[in-house]
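Please read the structure below before turning to the comments.
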Amino acid sequence: MEPLIRTARHSDVLMMTRDIKASWGKSFEEDLAEQDAGLHSCFIAILKGEIIGSGFIRWAGPRDEVAVQLFPEAPEIYRLEVRQEFRSKGLGTKLIAAMEAAARDNGRHSISLGVDYENPRAYDLYKRLGFEDSELTEYYDEYLYPTVDGQTATARDLCRYLVKQI
Ligand SMILES: CC(C)(COP(=O)(O)OP(=O)(O)OC[C@H]1O[C@@H](n2cnc3c(N)ncnc32)[C@H](O)[C@@H]1OP(=O)(O)O)[C@@H](O)C(=O)NCCC(=O)NCCS
């Protein structure tokens, strides 16, 4: 059966909370409020009542301060994730295609994303889909995460930034 790919609605919050990893310190209600405000759109892939993949496209452009200077008009795909057992079946490609179509409908001519140097499989996928290396070959993606002792720590992943003309 083909998964249904669409943007998330407020009525999806319970399903999202159950099936998707949230950003640390941020609820899906907040994500959807930001969607209502036009900051981003959250795409979900639904199969038999479960979310098996998801991704955000950030209309405000790249989150990184250098990337946004370089590519202010290129919405950023981020928080892209396909549930483990559904990987390598083309779903990540379909989620990216859906976000790309939304960007085109929005009058955009490019999309962008950052990828960790330790994630060569995702990098290869993006290259196959037409993303190209940009001059931003090294930057740190920083995000908060909970430590085992209940504290909050900041992770810094070395990434490269890719752009695709659409
Ligand atoms: C990166 C990620 C989103 C890709 O999603 P995916 O659904 O596996 O992607 P696709 O299936 O479209 O493409 C990936 C692979 O499947 C292959 N593929 C594509 N369509 C296929 C199909 N119909 N049948 C079999 N294989 C297929 C591709 O050739 C590719 O090959 P690989 O397994 O050698 O890499 C997923 O692996 C993931 O969630 N990873 C963990 C989180 C993450 O790294 N997110 C990205 C952060 S930048």
Side-chain angles (χ1 to χ4, degrees), residues 1-8 12 15-26 28 31 34-35 39-68 70-71 74-104 108 110-146 153-166:
M1 196 197 283
E2 271 290 300
L4 169 72
I5 296 179
R6 61 163 173 78
T7 50
D12 296 321
M15 192 164 59
M16 293 169 86
T17 309
R18 185 191 64 196
D19 297 341
I20 319 179
K21 205 175 344 149
S23 239
W24 174 242
K26 198 166 180 201
F28 287 111
D31 284 329
E34 288 180 351
Q35 174 171 271
L39 179 73
H40 56 215
S41 296
C42 171
F43 280 78
I44 52 177
I46 306 168
L47 187 69
K48 297 180 187 163
E50 292 184 20
I51 299 176
I52 60 169
S54 55
F56 285 68
I57 182 160
R58 190 171 191 273
W59 302 113
R63 290 160 301 160
D64 178 76
E65 58 184 24
V66 176
V68 75
L70 292 169
F71 312 109
E76 180 187 28
I77 292 175
Y78 68 120
R79 291 172 67 179
L80 177 67
E81 180 128 24
V82 169
R83 200 197 284 181
Q84 185 84 50
E85 64 268 36
F86 292 99
R87 289 182 192 165
S88 292
K89 294 174 166 44
L91 184 53
T93 299
K94 284 181 185 152
L95 278 164
I96 292 170
M99 291 189 269
E100 190 175 314
R104 227 178 278 115
R108 304 302 181 100
S110 57
I111 52 176
S112 63
L113 51 79
V115 61
D116 193 323
Y117 273 89
E118 291 183 7
N119 198 351
R121 187 179 157 250
Y123 175 74
D124 290 346
L125 170 64
Y126 303 145
K127 294 287 281 196
R128 275 202 301 276
L129 295 178
F131 286 83
E132 293 176 353
D133 290 291
S134 76
E135 58 260 55
L136 186 54
T137 54
E138 289 193 355
Y139 75 99
Y140 285 97
D141 181 28
E142 293 192 350
Y143 54 92
L144 300 174
Y145 70 97
T154 303
R156 292 178 89 233
D157 295 339
L158 183 62
C159 292
R160 51 189 142 185
Y161 211 75
L162 310 184
V163 179
K164 178 178 179 180
Q165 302 306 319
I166 56 173

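Read the numbers this way: they start at 1 and go in the same order the structure lists the ligands and their atoms. These figures come from a predicted structure and were not determined experimentally.
Ionic pairing of Glu2 and Lys94 is present here: one or more N-O contacts between side-chain nitrogen and carboxylate oxygen are shorter than 4.0 angstrom.
Every atom of ligand 1 is numbered from 1 in the order shown, and the set under 4.0 Å from a heavy atom of Glu81 is 39 (O). Counting atoms of ligand 1 from 1 in the listed order, those under 4.0 Å from a heavy atom of Gly90 are 10 (P), 11 (O), 12 (O), 19 (C), 20 (N), 21 (C).
The distance from atom CG of Asp124 to atom CG of Leu129, rounded to the nearest 0.5 Å, is 11.0 Å. The CZ atom of Arg63 lies 5.0 Å from the CG atom of Asp141; values are rounded to the nearest 0.5 Å. Remark: Ser134 OG to Arg160 CZ distance equals 10.5 Å, nearest 0.5 Å.
A cation-pi geometry, defined here as NZ or CZ lying under 6.0 Å from the six-membered ring centre and within 45° of its normal, does not hold between Arg6 and Phe43.
From the protein, the heavy atom lying nearest to atom 18 (N) of ligand 1 is Ser88 O, 4.0 Å.
For Arg128, the heavy-atom gap to ligand 1 drops under 4.0 angstrom. Judged by the shortest distance from any of its heavy atoms, Gly53 lies outside the 4.0 Å radius around the atoms of ligand 1. Proximity of Tyr78 to ligand 1 is not established, as no heavy-atom distance is less than 4.0 Å. Between Leu125 and ligand 1 there is a heavy-atom distance shorter than 4.0 Å.
Within a 4.0 Å radius of atom 2 (C) of ligand 1, the protein contributes no heavy atom.
Remark: side-chain polar atoms of Glu81 are not paired, donor with acceptor, to backbone N or O of Lys21 under 3.5 angstrom.
The parts of Val82 lying near ligand 1 are both backbone and side chain, judged by heavy-atom distances below 4.0 Å.
Note: His40 and Phe56 have perpendicular aromatic rings, judged against thresholds of 30 and 60 degrees for the angle between ring planes.
Looking at ligand 1, you'll find an N or O of Arg121 within less than 3.5 Å of one of its N or O atoms. Close N/O approach between Gly114 and ligand 1 is not found [any backbone or side-chain N/O within under 3.5 Å]. Note: no N/O pair closer than 3.5 Å links Val115 and ligand 1 by distance alone.
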